[in-house]
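Have a look at the structure below, then the notes.
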Amino acid sequence: MTDDIVAALKTVYDPEIPADIYELGLIYRVDIDDDRNVKIDMTLTAPGCPVAGEMPGWVENAVATVQGVQSVSVSMVFDPPWDQSRMSDEARVALDMW
């Protein structure tokens, strides 16, 4: 189920950045309890991101489509603050940030 949740997270993109939120390192925590309720802590590249109010809903909707998931709860966190060191190599290539 974890792999399917990660795959669902990789379908969510920040509209201003050509990399998915998982590869950008915006997902801080994914917890799945015994009843298959999923809790996600995520952040944004900047607190003033124009889609800050919408992105948690996008994440919730994407993960809710995973077979077996009973519920999804997304929390926006800003501690620790996001920085470029959280990006995967895939995101660095997509953004030409080597």
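Basis for what follows: all heavy atoms, side chains included, without hydrogens, waters or symmetry-related copies. Note that the structure is predicted; figures quoted are calculated from it, not measured.
Counting all heavy atoms, side chain and backbone alike, Ala62 lies closest to Val12 at CB-CG2, 3.8 Å. Ile5 and Val30 make their closest contact through CG2-CG1, 4.1 Å (heavy atoms, listed as atom of the first residue, atom of the second, distance). Of all non-hydrogen atoms in Pro15 and Val51, the two that sit nearest each other are CG-CG1, 3.8 Å. Smallest separation of non-hydrogen atoms from Arg92 and Met87: NE-O, 3.6 Å. Between Tyr13 and Trp58, the closest heavy-atom pair is O-CZ3, 3.8 Å. Contact between Val77 and Thr43 at its shortest, heavy atoms only, is O-OG1, 2.7 Å.
Pairs passing the salt bridge (charged side-chain N to carboxylate O under 4.0 Å, His left out) check and including a residue from residues 41-58, sequence neighbours excluded, read Arg29-Asp41. Residue pairs meeting the side-chain hydrogen bond (donor to acceptor under 3.5 Å, both in side chains) criterion with at least one partner in residues 64-83, sequence neighbours excluded, are Asn37-Ser71, Asp83-Ser85.
A distance of 4.0 Å separates CG of Leu44 from CE of Met76, quoted to the nearest 0.5 Å. To the nearest 0.5 angstrom, Asp33 atom CG is 7.0 Å from Lys39 atom NZ.
The backbone N or O of Ala8 sits nowhere less than 3.5 Å from a side-chain atom of Tyr22 that would complete a donor-acceptor pair. Judged purely by atom type and a 3.5 angstrom limit, Arg86 has no side-chain atom pairing as donor or acceptor with the backbone of Ile27.
Residues satisfying the side-chain hydrogen bond (donor to acceptor under 3.5 Å, both in side chains) test with Lys10, not counting sequence neighbours, are Glu23. Residues satisfying the side chain to side chain contact (heavy atoms under 4.5 Å, CB included) test with Pro18, not counting sequence neighbours, are Leu95. Not counting sequence neighbours, the partners of Glu16 by the side chain to side chain contact (heavy atoms under 4.5 Å, CB included) test are Asp14, Pro50. Applying the salt bridge (Lys or Arg N to Asp or Glu O under 4.0 Å) rule to Asp4 yields no partners; only residues at least two apart in sequence or on another chain are considered.
Under a hydrophobic clustering in which Ile, Leu, Val, Met, Phe, Trp and Tyr are joined whenever their side-chain heavy atoms come within less than 4.5 Å, directly or via other members, Met97 and Leu26 fall into the same cluster.
Here the side chains of Asp20 and Leu24 are not in contact, with every heavy-atom distance at 4.5 Å or above. Taking 4.5 Å as the limit, some side-chain heavy atom of Ile40 sits within range of a side-chain heavy atom of Val38.
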Before giving the answer on side chain to side chain contact (heavy atoms under 4.5 Å, CB included), spell out for Glu60 and Val74 the whole-Å C-alpha distance, their side-chain angles and the decisive distance to 0.1 Å.
CA-CA 6 Å; Glu60 183 177 327; Val74 179; 4.0 Å; yes
